[in-house]
Amino acid sequence: MRLRDGLLNQLTAEAAEKCGMVARGQNYPHLLQKLIVQGLIKIEEISVVIYTRAEDVSVVKQILPDAISEYVDIMERESGIKLKPNVTVSEDPAK
């Protein structure tokens with residue numbers, strides 16, 4: 001049982017380290033943009049509030065117009081409907 005807990009803790013630490021490397025990478029804003037677009041497509045809502053890590057708020061705000069534009073283009077191409085989504089970024093650090 002202790003061995004299993006030790007291995008699980010090691011796995012968790014390695015995963016956290018790798019996630020940190022991704023967040024510091026040069027392609028991180030592009031990844032965030034694609035994740036936002038994918039999320040907008042999946043949830044199919046016109047009004048969305050994005051909750052993100054405090055350190056990512058400025059990056060998300062910067063890429064949000066491009067993400068919304070990409071989402072609108074995809075939806076118009078696939079459905080023929082031009083959407084006007086209301087997407088905002090929450091700055092509440094408690095959430």
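This chain uses plain numbering: 1 for the first residue, then up along the sequence. From a predicted model like this one, the values you see are computed outputs, not experimental measurements.
Within the 4.5 Å cutoff, the side chain of Leu7 has no heavy atoms near those of the Leu11 side chain.
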Would you mind writing out the side-chain donor-acceptor pairs for residues 78-89 within the sub-3.5 Å range, not counting sequence neighbours?
unit_1: Ser79; atom_1: OG; unit_2: Met75; atom_2: O; d: 2.6
unit_1: Ser79; atom_1: OG; unit_2: Ile81; atom_2: N; d: 3.3

Per-pair distances, 0.1 Å, donor-acceptor, side chain in residues 31-45, under 3.5 Å, sequence neighbours excluded:
unit_1: Gln33; atom_1: NE2; unit_2: Glu70; atom_2: OE1; d: 2.9
unit_1: Lys34; atom_1: NZ; unit_2: Glu70; atom_2: OE1; d: 3.3
unit_1: Lys34; atom_1: NZ; unit_2: Glu70; atom_2: OE2; d: 2.7

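The structure places CD1 of Ile74 at 12.0 Å from CD of Glu76, a figure rounded to the nearest 0.5 Å.
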Begin with the C-alpha distance, continue with both residues' side-chain angles, and end with the deciding distance and a verdict on side chain to side chain contact (heavy atoms under 4.5 Å, CB included) for Arg53 and Asp56. CA-CA 5 Å; Arg53 301 180 319 159; Asp56 290 339; 2.9 Å; yes
